[in-house]
Amino acid sequence: GFFGKFGGSFIPPMLEVPFAEITKAYNDIKNSPEFIEELKYVRKHFQGRPTPISFAKNLTEHCGGAKIYLKREDLNHTGAHKLNHCMAEVILAKHLGKKKVIAETGAGQHGVALATAAAYFGLECEIHMGEVDVEKEHPNVVRMKILGAKVVTVTDGLKTLKEAVDSAFGAYIQEYEEAIYCIGSVVGPHPFPMMVRDFQSVVGFEAKEQFKEHENKLPDSVVACVGGGSNAMGIFAGFIDDKEVGLVGVEPLGRGSKLGDHAASLTYGEEGVMHGFNSIMLKDKDGEPAPVYSIGSGIDYPSVGPEQAYLNETGRTTVGLCDDKEAVNAFYALSQLEGIIPALESAHAVAYAMKIAKTMDKDQTILVNLSGRGDKDIDFVVDNHPIP
Ligand SMILES: CC/C=C(/N=C/c1c(COP(=O)(O)O)cnc(C)c1O)C(=O)O
């Protein structure tokens with residue numbers, strides 16, 4: 001369960017057996033024809049996969065350099081990439097005879113996706129969400145409830161994503177016999193980072209084939225925003241062995257580089273264990289997870305997936321930065337130039353692509369993982385950042 005020195009499973013002894021069960025069940029089903037067939041079926045007939053790759057012609061001309069392509073995970077059912085792992089996590093939960101799934105959510109996309117998968121497969125769903133995010137991503141809270149999920153509002157600490165994970169894990173520990181934790185990204189104790197990356201890899205495999213239909217070659221750069229790292233690992237999966245393809249994870253610089261004003265874990269963090277895994281995390285002076293901030297509720301997380309940390313340390317991936325202002329600018333630019341309203345998280349990847357496109361030749365190409373749509377963000381953005 002390690003990626004170099006990163007990853008592992010730092011969990012209380014009482015969870016050793018439940019996590020061993022999850023790991024065994026996953027290893028049992030991941031190559032079984034039934035699991036593969038069921039996942040293929042729900043992806044095609046329920047999620048609406050494959051999602052297209054769109055050439056952002058107007059955005060490309062606006063930037064005046066490399067051609068920008070978008071992998072449209074905003075068109076995946078529920079409006080983000082999250083359903084790719086939630087459907088698989090709930091199939092695994094059923095295989096383990098679980099009655100209930102528990103998770104955290106920040107942007108509410110993972111919460112909506114898990115509630116959707118739980119409704120589809122007939123399981124109970126409990127989502128923990130920071131009070132700040134309950135307010136800010138209100139449309140997604142309403143969707144979770146309509147879908148039959150119980151939403152637990154978390155009022156500890158900063159009342160955002162990190163606290164939602166703490167709270168959800170605490171609830172899971174109380175009922176790990178009949179429930180399973182369905183984590184929202186490539187984070188957490190082994191086997192979660194591996195499992196979620198496997199479940200998201202469909203995005204990268206689709207994208208590699210689709211991109212060659214557009215350009216008859218591979219992209220020069222693949223760009224994705226990084227919160228925990230699941231949408232990035234998913235699209236990177238299709239290109240990881242093609243060394244000529246640059247892989248860029250974009251971290252949120254929020255209000256600036258002062259600790260507490262951003263969530264750029266790989267850029268400013270150091271090695272440390274939190275939420276059951278060793279990775280590169282932002283620490284306060286006591287070595288605890290530092291306060292973090294981003295305009296994107298799904299990327300304000302003080303650590304990052306262990307595989308992401310490993311790929312960055314070995315130089316296979318590089319890190320880009322995007323602050324709130326650039327993200328809002330990209331949110332409006334993509335909307336007004338391409339007719340696509342992106343999630344604020346995804347807007348970080350779009351903003352970075354816009355930045356590097358200008359420095360690249362017109363025959364070069366950038367593929368952005370457009371991880372989600374911005375419906376959840378429209379009131380917050382318009383209320384705080386007037387439409388240009
Ligand atoms: C699990 C906590 C993260 C959430 N969302 C993260 C997110 C992210 C960042 O998550 P990762 O892909 O795992 O880095 C990117 N794009 C969209 C549309 C997102 O909603 C959530 O709760 O919905």
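Ligands are counted one by one from 1 in listed order, and the atoms in each one are counted from 1 as well. All values below come from the heavy atoms of this structure, side chains included, with hydrogens, waters and symmetry mates left out.
The aromatic ring centres of F55 and H214 sit 6.0 Å or more apart.
What sits closest to atom 16 (N) of ligand 1 on the protein, heavy atoms only, is S371 OG, 2.7 Å. In this structure, atom 2 (C) of ligand 1 lies nearest to the protein heavy atom L161 CD1, 3.5 Å.
Inspection of the N76 and T51 side chains reveals no N or O donor paired with an N or O acceptor under 3.5 Å.
A donor-acceptor pair under 3.5 Å links the side-chain atoms of T60 to the main chain of I68, judged by distance alone.
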Trace of the side-chain contact (heavy atoms from CB on, under 4.5 Å) decision for I102 with H128:
CA-CA 8 Å; I102 299 175; H128 294 242; 4.1 Å; yes

Start with the C-alpha distance between H81 and N84, add both sets of side-chain angles, then the distance that settles side-chain contact (heavy atoms from CB on, under 4.5 Å), and finish with yes or no.
CA-CA 6 Å; H81 66 294; N84 302 329; 3.9 Å; yes

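Near V226, the atoms of ligand 1 lying under 4.0 angstrom from a non-hydrogen atom of the residue are 14 (O). Applying the 4.0 Å criterion to heavy atoms of I299 picks out, from ligand 1, the atoms 9 (C). Of all atoms in ligand 1, numbered sequentially from 1 with element shown, those under 4.0 Å from a heavy atom of S185 are 11 (P), 13 (O). Numbered from 1 in the order shown, with element, the atoms of ligand 1 that lie under 4.0 Å from a heavy atom of G106 read 2 (C), 21 (C), 22 (O). The atoms of ligand 1 that sit less than 4.0 Å from any heavy atom of A343 are 18 (C). Short contacts between ligand 1 and G108, defined as distances under 4.0 Å to a heavy atom of the residue, involve ligand atoms 21 (C), 22 (O), 23 (O). For ligand 1 and G227, the ligand atoms under 4.0 Å from any heavy atom of the residue are 14 (O). Proximity to T105 (heavy-atom distance under 4.0 Å) selects the following atoms of ligand 1: 21 (C), 22 (O), 23 (O).
By heavy-atom distance, the residue among K82, H81, H110, E104 lying nearest atom 5 (N) of ligand 1 is K82. Of the options S230, G130, G296, A107, the smallest heavy-atom separation from atom 11 (P) of ligand 1 is shown by S230. Relative to atom 12 (O) of ligand 1, the option among L370, D133, N231, L114 with the closest non-hydrogen atom is N231.
Seen from the ring of F121, K94 does not count as a face-on cation partner, given the 6.0 Å and 45° thresholds.
In this structure, E16 places its CD atom where more than 12 heavy-atom neighbours from other residues, nucleotides or ligands lie under 6.0 Å away. Sparse packing is recorded around CD1 of I341, with 12 or fewer heavy atoms of other residues, nucleotides or ligands lying under 6.0 Å away.
Residues V226 and Q308 meet the side-chain proximity criterion, which asks for heavy atoms closer than 4.5 Å.
Contact analysis leaves G111 out of contact with ligand 1, as no non-hydrogen atom separation drops below 4.0 angstrom.
Applying the ring pair (Phe, Tyr, Trp, His ring centres under 6.0 Å) definition to pairs two or more places apart or across chains, those involving residues 8-40 are F19-F192, Y26-F199.
Contacts with ligand 1 closer than 4.0 Å are made by side-chain heavy atoms of E345 only, the backbone lying farther away.
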